[in-house]
Amino acid sequence: MADPAYSALRKILLDEITPAVMVLPTPLVEERCQKNGLSFVQMLTPFCVFNNIDVPVRTASDQPYRLQKFKLRMFYASDVRQQNVEVTKERLKQVITDAGNNKDSDLYLDPSPIETIPISSQPDFIPTWFQFFNKELVRSVSFSDHEAFDHPVACLLVVSSNDKDPINKFVELFNMNQLPPLLNDGAMDPKIPKVFVLVHDNQDGSPERATKILAEMRNTFGANDCRLLCINSLQGEALDHEPNPWEFYMPNASPDQHLGRLLNKEDVDELKDFVRDLSSKDIIPNMEQRIRVLNQQVSATRKGFRNQIKNLWWRKGKEDAPENQSVNMYTFSSIESQIRVLGDYAFMLRDYELALSNYRLLSTDYKLDKAWKRYAGVQEMMGLTYFMLNQSKKDAEYCMENAFTTYLRIGTSGKGNATRCGLWWVEMLKASGQYKEAAGVYFRISGEEPLHSAVMLEQASYCYLLAKPIMLRKYGFHLILSGDLYKKCDQIKHAIRAYRNALSVFKGTTWSHIRDHVHFHIGQWYAFLGRFDVAMKHMLEIVACSHQSKPMQELFMKNFFQILQKTGKTYKISRLQLPIVNINSLNIVSEDHRTYGSPAAVSVKESIWQSLEEEMVPSLTNAKTTWLDLQSKLLPNKLKQSNVCVAGEALMVEIAFKNPLQLSIPIYSVTLMCEYSPNEIIPDANNSFVDQSIEDEKTTSDASLFTLSEVDITLTGGETTLAQLSVTPIKEGRLKVTGVSWKLSDSMVGFYAFEPDLIKKRISKGRRKAKQNTNKLEFLVIKSLPRLEGIINNLPSTVYTGNLQRLSLELRNSSEIPVKNLKMKISHPRFLNIGNPEKSDVNFPSCLEKEKTPSQKDADLDTTKKSDTIFHFPEDTIIHKETPFVLPLWFRAATPGNVSLYLTIYYEVEDKSTAMRYRTLRTHHILEVLPSLDVSFNISPCPSRLQEYIVQMDVINKGLKSLKLRQLSSVGSEWQISLIESIQDIIPSGNLASGQSLSCFLKLKNAKTTETATDVWLGRIGNEAVFDTQRAPLVNFHHYEQLHQKTSHKEQEHQSTVDFMLISEMEETETENKPPQIFSHHACHCRQCGNEETDMVAIGRATDYSL
Amino acid sequence: MASTACFMIISKNDIPIYEAEVGSAPKKEEAAHQHQFILHAALDVVQDLAWTTSAMFLKSIDRFNDLVVSVYVTAVTHTRLMLLHDSRNDDGIKSFFQEVHELYIKILLNPLYLPGSRVTSSHFDTKVRALARKYL
């Protein structure tokens, strides 16, 4: 516990609770004094404080002691009154505003972290103006009638030697009408001791006239009470006092005012002696005398058993009196007032024991009288006396609290006193180290007046900082409360200071609402002061306010953009949280020797492509044989260590942006950030060792080295959007994708730098998997290569099963360098078949019709059959620029469902100097196949003849459109097929509508002859155009169907089987001119089913066909 | 039911892992941060008081104007359940805390829940709100 003797409160009390002296000067006196830039009181003030006055005093019980420290307070009579509330308020506000403007300098610096602040008893970061403010607050309630220590103990009547008729002036001065209300309304004794002072200005002449007047005064007013004071003795040059004693009391005076410039050393000494004499010879003995008299009176009336009983009884009788006593109930002559005066005088003369006993006595009286304000005042003094006695800390605090609550209870009139009492109480608590409690009291002092509350709360917060253990969160909270109140009173600078200090606690907090609140407000206030750059720093903290409600988000965004606009600067913010970049979604698609026909092809698993390309690509076959020889000789070492991309070809990057807000935000110019460094190494197959360190690796981001795509995206609330960006390198060298950037507005650019370690990249599969250290964002740009682009013309997205179409594959080469040695592989030959490249102008479907003269079978039939995996383009196929190569394709939708078709085309580059000899084009096509006819065959032996069978064909149209049956053929030449009944009888229209089924019987005969009727016409009679099932593409597709259906019939391979092909057509209703759509349905490996023999017989009988 | 009540679970590292406004009064925008401020400041008091008693329920430990902070400190993880309220129903609050504690233990038992991370379970949220309606 700190020694109260040295505590702040003791100092305050010795400063504030000291005898007051009322001064009444004539105007001439003031005029003389103003020559020095000082008023009379100001002139005396510096000399009113004595540190070692050494005056012997006797207590009421004749105990001698010596007063050392002493102070007089001098007031003009006109100031000895309670101040106007509004004026006080205005003055206090001015104090705060001035303090705010003074603290301008460090307002914009970053707050120092809390750990670095030295925690001493009075840290220097606590604003010094608090003490000044508190003093002003305390003084604002001076000169109340309910306490006596402000009542003047003496009166100085000051007359100038130049005044006419000075004796009369003295009498006039003490005119009752101009005296303070305290003396007039009976609160204090008007007969106060007077001291008559004659002021002589030495510039006005020799002091002879003055001495004459003084003699006259002594005759009139008595010898002891008259004084002569000579001033302005200095002749000529003005004197600068060093140190200037007045400067401390008038901090607002400018140095060139030369305070006290006409007072020489003798004058100053005379002033000192004057005040000293006044204190030791007049005031202190007077007070001592007064104490003695009062003490006797009090003892006579109140002390002793009899008096106590009497008093108690007398008080009881008054109990019924109205609670609100009239103001003048306790006049100076009442015993209560006298006790109070006695107590206060004793306090001021440091006789605390006497003061305490009197205060105690008085306290019970006032309590019984329900004179609450006076009671509170006495309790307050009791608390202070206990404190000064350094006896009972608990009693002292109890009294202070009692006084404080009582003042508060009496309402507005007690508010100022409550504040003063609270401030003293706080100091008392601080003196004993109870900072937490002190903060609580500060909090209680803060009342309705927002500006005062703000100051009090700020002081409370500093108390929490000094508390042990330190209470940082409370500190922060109270600073915020204080800041809000400062803002309410338009003290923005103070508000910012409070918030800034609080920021040292709340910086980086996970309490989202707190963080948002602090940054948002401090940002707004800085913007208000025009410091937009600092404001922006704070506003950036709150951009990602996803936890806030929608209106709050709107408010935040509105302010954010407003401030951004006003800053007039362009910001480039790393990892801007709006929108959020989902780094895991990063996907880079680079094309080296593998090129893709469409984005859909990129997302296909690499293994699918590899299995397709296995036999075409030379390096892959190498890799398969020996894994040690993994690194093919096609690329030099250097190339293998990084990813490769080709100049002029776009590098695609996909990255997801997530909008954390509920509002929709547009972002502009989403683009990649890339670095380019020239690479002088010419890819050379012979040079296996390449120096790793490239000298002069200057990185440039010139637009001529690569081009970037820009995308604008609008993200609706909470949405995640995948942005597809691309960079196209133009020159050979090294290209590094460093990040992604976007514009939130013209002056707010966000970017996100990719960190290579964190990124999983999907392109590096297969061969590159072995190299873990590869920087996956760095690409080696190699010389421009030809790149084939292929499209399949007329490929339908939705077809019916069995539909046969003629398509064409168109390959284009946009490069000057031709490509050759093309190979192609199709993942599903059931669906796609290659036509004869030489017959590009065939007329479909008439080309399928049987020719009158049986001709040679198509050449491409053989090619398909011998190599069912890879299609080699004709040897001389070379694709040049601007001359697309067209390859006819046959398409047949084999099975219903969603079908993915993969095509991969291998080609070699003509130019031998390039790093890559070959490339592949991968295309991926997705189609939806709808069901159409469902055909099934049942074969049973003919009961009457050998080698003949009855076939039941069931057809159901499961599609949505009606189909027209065309022909049924048995594939091959082994089986002769004929209708048992005319088809017109079964289905007269020839149309099989949606959902309709058909069942008909056919006769099948094994015929080894060459000319067998293998086809049955099912369509309209007279329009027979039978298709040749032995011609391409029907035979090709049939071949694959056969292969496909074979698996399920393996065990019965020895049996003789028959393959059927049902051909139907669909009339295009919309367009008359178009040829009908052709459908083929294949049923392979049909055989006699023994189990159902009896059934077949039964059916045969039921239909009663004559065979 | 209390007209204003803000419930928060604070992890050992003073990070809020769950928060809910459970008062019956219509939610005010500016109240959200105020509640956080009060609860955040109350942690200073909890820090002192938690070690002075063996009870987990610390009753009302702090107040701001007419809002009172009640705290329940779990024994093992030193997780603090904090309730800011304006009603004075100590028994109800105690029961509320005990039941929420049980719910929280169930969350902790979830092997996929990392202790000290945010509680995002919607089931937990509905349960807590139901308990608030029941007891507060």
Side-chain angles (χ1 to χ4, degrees), chain A residues 435-437 439-440 443-444 446-448 453 457 460-461 463-484 487 498-499 502 505-506 508-522 542 545-556, chain B residues 4 6-21 23 25-52 60-69 71 79-82 84 114-120 125:
Chain A
Y435 286 103
K436 201 174 126 187
E437 288 77 8
F443 189 81
R444 285 171 71 177
S446 67
E448 284 128 48
S453 304
L457 286 170
S461 69
C463 282
Y464 281 119
L465 202 55
L466 296 171
K468 297 231 162 32
I470 188 165
M471 297 175 95
L472 279 181
R473 302 184 193 96
K474 287 264 181 198
Y475 165 70
F477 179 44
H478 284 82
L479 278 175
I480 295 295
L481 289 174
S482 157
D484 286 342
K487 173 68 192 30
Y499 264 59
V505 180
F506 294 125
T509 182
T510 48
W511 294 59
S512 48
H513 284 279
I514 291 180
R515 193 194 55 218
D516 287 355
H517 176 87
V518 175
H519 284 296
F520 177 64
H521 283 90
I522 206 166
I542 58 156
C545 47
S546 53
H547 49 274
Q548 295 280 7
S549 63
K550 200 174 173 189
M552 286 303 271
Q553 292 180 357
E554 272 164 3
L555 181 71
F556 282 8
Chain B
T4 310
C6 177
F7 176 64
M8 280 184 113
I9 302 180
I10 317 296
S11 79
K12 199 176 176 180
N13 310 320
D14 293 349
I15 296 168
I17 56 173
Y18 174 80
E19 53 206 287
E21 291 284 343
K27 203 182 163 196
K28 280 182 285 179
E29 281 310 322
E30 67 274 13
H33 73 260
Q34 198 200 20
H35 292 170
Q36 282 207 350
F37 270 123
I38 298 169
L39 289 175
H40 186 259
L43 282 177
D44 270 338
V45 185
V46 179
Q47 166 189 295
D48 286 354
L49 287 180
W51 307 107
T52 60
S60 309
I61 54 127
D62 197 13
R63 50 177 302 148
F64 179 76
N65 295 340
D66 54 346
L67 297 171
V68 186
V69 181
V71 179
T79 305
R80 281 141 298 175
L81 315 184
M82 301 181 86
L84 181 74
L114 183 73
S117 66
R118 225 176 158 77
V119 178
T120 49
D125 189 60

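Fair warning: this is a prediction, and the values are worked out from it, not measured in the lab.
Both the backbone and the side chain of A:I514 come within less than 4.5 Å of a heavy atom of chain B. Contacts of B:I38 with chain A are made by both backbone and side-chain atoms, with heavy-atom separations under 4.5 Å.
The shortest heavy-atom contact between B:I61 and B:A42 is CD1-O, 3.8 Å.
Each of A:G476, A:P469, A:A467 has some count of heavy-atom pairs under 4.5 Å with chain B, and the biggest count is that of A:P469.
Contact check for B:L84 versus B:M8: no side-chain heavy atoms found under the 4.5 Å cut-off. Looking at heavy atoms from C-beta onward, A:L465 lies in side-chain contact with A:L472 at the 4.5 angstrom threshold.
For the atom pair B:F64 CZ and B:L39 CG, the distance stands at 12.0 Å (nearest 0.5 Å).
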Between chain B and chain A, donor-acceptor distances below 3.5 angstrom:
residue	atom	partner	partner atom	Å
B:D14	O	A:W511	NE1	2.9
B:D14	OD2	A:R473	NH2	2.4
B:E29	OE1	A:S549	OG	2.8
B:E29	OE2	A:S549	OG	2.9
B:H33	ND1	A:H517	ND1	3.4
B:H33	NE2	A:H517	ND1	3.1
B:Q36	OE1	A:H513	N	3.1
B:Q36	OE1	A:I514	N	3.2
B:D44	OD1	A:R473	NH1	3.0
B:D44	OD2	A:L472	N	3.4
B:D44	OD2	A:R473	N	2.8
B:D44	OD2	A:K474	N	2.7
B:D62	OD1	A:K474	NZ	3.1
B:D62	OD2	A:K474	NZ	2.3

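By the 30° and 60° cut-offs, the orientation of the rings of A:F506 relative to B:F37 is perpendicular.
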